*Asks:* 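Please see the structure below; I have some questions.
Everything quoted here is computed from the prediction, not taken from an experiment.
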Amino acid sequence: MSTRAFITGVSGTELTADERAFIRAERPWGFILFKRNVATPAQVAALVAELRSAANAPDAPVLIDQEGGRVQRLGPPHWPVYPPGAVFSTLYDTDSALGLTAARLSARLIAADLADLGITVDCLPLADVPVPGADAVIGNRAYGTSPDKVAAIARAVTEGLEQGSVLPVLKHIPGHGRATADTHFKLPTVDTPQDELERTDFAAFKPLADLPMAMTAHVVFSAVDPAHPATTSATMIAQVIRGAIGFQGLLMSDDVSMNALAGSIAERTRAIFAAGCDMALHCNGNIEEMREVAGQTPELSGRALERANAALAARKAPQPFDRVAARAELDALIARANTASA
């Protein structure tokens with residue numbers, strides 16, 4: 001059955017009748033979960049199954065933002081706490097092999113948690129490179145301030161997810177680290193010259209261009225396109241994301257409902273596809289906004305369909321894994337990082 005090129009959130013811990021009818025009629029490609037959708041492991045697994053049943057798509061991708069640190073939709077008492085990216089950065093500075101091992105272990109453990117629930121996609125890794133004076137929205141989520149180190153740790157995170165049969169989503173391409181505002185509330189403009197962006201922000205994404213999926217940044221880069229954020233900039237997508245960085249996978253927008261984007265939800269959705277994104281992402285579970293997104297979303301076809309199919313085909317079988325031993329090793333490495341940063 002054909003699907004439409006959007007990913008949607010829902011409002012709560014189970015589907016409403018309106019949501020079930022919406023999903024059945026509008027056929028989203030995938031779904032994304034947030035804390036409002038999470039109560040217990042059994043409930044989340046049931047919701048994941050219900051989403052796929054409503055879509056009549058047993059393999060529909062279900063996404064979540066499970067990074068660790070302050071961006072963790074699954075948490076205590078049912079799921080463990082995971083470290084923010086800065087912990088891996090600290091370890092990497094002490095011993096690069098240990099930093100990569102910790103990043104890989106954390107992602108592998110997260111993947112095991114997600115697989116238990118039927119969640120198949122994690123919006124991770126980040127390749128954002130923060131700078132002094134930037135908004136704290138990235139902050140300690142980042143893997144460091146050197147593009148080489150950020151890319152290396154992001155690759156280790158990717159490997160951990162893949163070993164647990166969870167697909168990664170690279171974000172926020174081509175870089176959110178210089179943003180001076182939180183894009184949930186306001187549109188930031190970065191005035192850094194393009195040659196410097198290519199040495200720093202863009203350089204962290206380039207070694208990860210083979211990843212199956214990526215999420216755009218709602219950030220204006222005035223040196224490339226002073227009028228539009230990357231999400232709705234045909235110039236940025238063609239020349240930088242697809243061009244200089246070389247990313248050829250499935251490109252999804254960041255959340256359509258974030259206030260960094262201008263215009264109505266329908267206008268934002270049209271602009272996302274006009275710029276060259278393959279997929280629109282809508283997160284807040286507002287049924288009226290969901291209908292606006294669906295009304296402006298095309299059938300998934302052509303090159304976008306090929307990229308979507310290739311992304312799903314990139315999912316690997318899970319590798320053997322001792323969860324208890326891995327958690328013990330990760331905890332020991334976190335303790336070492338805490339000592340190093342004290």
*Asks:* Taking atom types as modelled, find out whether Thr183 and His172 have a side-chain donor-acceptor pair closer than 3.5 angstrom.
*Replies:* no
*Asks:* Taking it one step at a time, do Trp79 and Leu117 satisfy side-chain contact (heavy atoms from CB on, under 4.5 Å)?
*Replies:* CA-CA 11 Å; Trp79 295 276; Leu117 306 170; 3.9 Å; yes
*Asks:* Determine, stepwise, if the pair Arg20 / Glu50 fulfils salt bridge (Lys or Arg N to Asp or Glu O under 4.0 Å).
*Replies:* CA-CA 9 Å; Arg20 196 174 293 108; Glu50 189 180 16; 2.6 Å; yes
*Asks:* Determine yes or no for a side-chain-to-main-chain donor-acceptor pair under 3.5 angstrom, with Ser253 supplying the side chain and Leu281 the backbone.
*Replies:* yes
*Asks:* Any luck finding a side-chain donor-acceptor pair between Thr231 and His218 under 3.5 Å?
*Replies:* yes
*Asks:* Hey, could you give me the CG/NZ distance between Asp135 and Lys186, rounded to the nearest 0.5 Å?
*Replies:* 10.0 Å
*Asks:* Answer yes or no: is there a donor N or O on one side and an acceptor on the other, between the side chain of Ser165 and the main chain of Lys316, under 3.5 Å?
*Replies:* yes
*Asks:* Which class fits the ring pair Phe202 and Phe221: parallel under 30°, tilted 30 to 60°, perpendicular over 60°?
*Replies:* perpendicular
*Asks:* Within the 4.5 Å heavy-atom criterion, are Leu187 and Pro229 side-chain neighbours or not?
*Replies:* yes
*Asks:* Is there a side-chain contact between Ile272 and Thr232 (heavy atoms, below 4.5 Å)?
*Replies:* yes
*Asks:* Indicate the atoms forming the closest heavy-atom contact of Arg199 with Ala203, along with that distance.
*Replies:* O-CB, 3.5 Å
*Asks:* Between atom OG1 of Thr8 and atom CZ of Phe22, what is the distance when rounded to the nearest 0.5 Å?
*Replies:* 5.0 Å
*Asks:* Kindly say whether Glu196 contributes a backbone atom to a donor-acceptor pair with the side chain of Thr200 at under 3.5 angstrom?
*Replies:* yes
*Asks:* Does Asp255 use its side chain to pair, donor to acceptor, with the backbone of Asn284 at less than 3.5 Å?
*Replies:* no
*Asks:* Determine whether the side chains of Gln163 and Glu159 contain a donor N or O and an acceptor N or O closer than 3.5 Å.
*Replies:* no
*Asks:* Are Val129 and Val220 joined in one hydrophobic group, where the rule is that I, L, V, M, F, W and Y side chains link up if heavy atoms are under 4.5 Å apart?
*Replies:* no
*Asks:* Just by distance, do the side chain of Asp278 and the backbone of Leu251 share a donor-acceptor pair under 3.5 Å?
*Replies:* yes
*Asks:* Please tell me whether Asp148 and Ser146 have a donor and an acceptor in their side chains that are separated by less than 3.5 angstrom.
*Replies:* no
*Asks:* Minimum heavy-atom separation for Tyr92 and Ala152, please, with both atom names.
*Replies:* OH-CB, 4.2 Å
*Asks:* Regarding Asp113 and Gln66, is there a side-chain donor-to-acceptor distance under 3.5 Å anywhere?
*Replies:* no
*Asks:* Can you find a pair of side-chain heavy atoms, one from Val293 and one from Arg4, that are under 4.5 Å apart?
*Replies:* no
*Asks:* Determine the minimum heavy-atom distance between Ser222 and Thr189, stating which atoms define it.
*Replies:* CB-CG2, 4.3 Å
*Asks:* Indicate the atoms forming the closest heavy-atom contact of Pro61 with Thr120, along with that distance.
*Replies:* CA-OG1, 3.6 Å
*Asks:* If you group Ile, Leu, Val, Met, Phe, Trp and Tyr by side-chain heavy-atom gaps below 4.5 Å, do Val240 and Met215 land in one group?
*Replies:* no
*Asks:* Going by the side chain to side chain donor-acceptor pair (under 3.5 Å) test, name the single residue among Asp65, Asp254, Thr216 that passes it with Lys171.
*Replies:* Asp65
*Asks:* Are any of the side-chain nitrogens in Glu329 or Arg108 under 4.0 Å away from the carboxylate oxygens of its partner?
*Replies:* no
*Asks:* Give the cluster check for Val219 versus Ile241: same hydrophobic cluster or not, with ILVMFWY residues linked at side-chain heavy-atom distances below 4.5 Å.
*Replies:* yes
*Asks:* Verify the neighbour count for atom CD of Glu299: are there more than 12 heavy atoms of other residues, nucleotides or ligands below 6.0 Å?
*Replies:* yes
*Asks:* Report yes or no: do Phe321 and Val166 belong to one cluster of Ile/Leu/Val/Met/Phe/Trp/Tyr joined by side chain heavy-atom distances under 4.5 Å?
*Replies:* yes
*Asks:* Just how far is it from atom CG of Asp122 to atom CD of Glu162, taken to the nearest 0.5 Å?
*Replies:* 12.0 Å
*Asks:* Could you walk me through whether Glu267 and Leu261 satisfy the side-chain contact (heavy atoms from CB on, under 4.5 Å) test, starting with their C-alpha distance in whole Å, then the side-chain angles of each, then the deciding distance to 0.1 Å, before giving a yes or no?
*Replies:* CA-CA 10 Å; Glu267 290 167 339; Leu261 299 184; over 6 Å; no
*Asks:* Is there a donor-acceptor contact under 3.5 Å linking the side chains of Arg270 and Gln296?
*Replies:* yes
*Asks:* Could you walk me through whether Leu312 and Leu167 pass the side-chain contact (heavy atoms from CB on, under 4.5 Å) check?
*Replies:* CA-CA 8 Å; Leu312 296 184; Leu167 289 168; 4.2 Å; yes
*Asks:* Where do Thr192 and Arg178 come nearest, in terms of heavy atoms and distance?
*Replies:* OG1-CD, 3.4 Å
*Asks:* Report yes or no: do Ile173 and Leu161 belong to one cluster of Ile/Leu/Val/Met/Phe/Trp/Tyr joined by side chain heavy-atom distances under 4.5 Å?
*Replies:* no
*Asks:* Find the distance between CG (Leu333) and CG (Leu105) and round it off to the nearest 0.5 Å.
*Replies:* 6.5 Å
*Asks:* In plain terms, say whether Asp95 and Arg336 are close enough for a salt bridge, that is, a side-chain N and a carboxylate O under 4.0 Å apart.
*Replies:* no
*Asks:* Check this for me: does any side-chain nitrogen of one of Arg323 and Asp116 sit under 4.0 Å from a carboxylate oxygen of the other?
*Replies:* yes
*Asks:* Contact between Met279 and Leu300 at the side-chain level, heavy atoms closer than 4.5 Å - yes or no?
*Replies:* yes
*Asks:* Of the non-hydrogen atoms in Cys123 and Ile32, which two are nearest, and what is the gap between them?
*Replies:* SG-CD1, 4.3 Å
*Asks:* Is the NZ or CZ atom of Arg73 positioned over Tyr82's six-membered ring, under 6.0 angstrom from the centre and within 45° of the axis?
*Replies:* no
*Asks:* Give a yes or no answer on whether the side chain of Gln248 reaches the backbone of Arg307 with a donor-acceptor pair at less than 3.5 Å.
*Replies:* no
*Asks:* Report the distance from atom CG of Leu124 to atom OG1 of Thr158, rounding to the nearest 0.5 Å.
*Replies:* 7.5 Å
*Asks:* Just by modelled atom types, is the Pro84 backbone N or O under 3.5 Å from a matching donor or acceptor in the Asn140 side chain?
*Replies:* no
*Asks:* Under a 4.0 Å N-O cut-off, is there an ion pair linking Lys149 with Asp93?
*Replies:* yes
*Asks:* Test your reading of the model: is there a side-chain donor-acceptor pair from Asp331 to the backbone of Ala328, 3.5 Å cut-off?
*Replies:* no
*Asks:* Taking atom CG of Leu109 and atom CG of Leu330, what is their separation to the nearest 0.5 Å?
*Replies:* 6.0 Å
*Asks:* Check whether any side-chain heavy atom of Leu33 lies under 4.5 Å from a side-chain heavy atom of Val48, and answer yes or no.
*Replies:* yes
*Asks:* Stepwise, does the side-chain contact (heavy atoms from CB on, under 4.5 Å) test hold for Thr13 with Leu47?
*Replies:* CA-CA 7 Å; Thr13 54; Leu47 176 59; 5.6 Å; no
*Asks:* Could you tell me whether the side chain of Arg242 and the main chain of Phe247 form a donor-acceptor pair under 3.5 Å?
*Replies:* yes
*Asks:* Ignoring hydrogens and angles, state whether a donor on the side chain of Glu19 or Ser11 is under 3.5 Å from an acceptor on the partner side chain.
*Replies:* yes
*Asks:* Is any side-chain heavy atom of Tyr143 closer than 4.5 Å to one of Val157?
*Replies:* yes
*Asks:* Quick one: does Ser106's side chain have a donor or acceptor within less than 3.5 Å of a partner on Ala102's backbone?
*Replies:* no
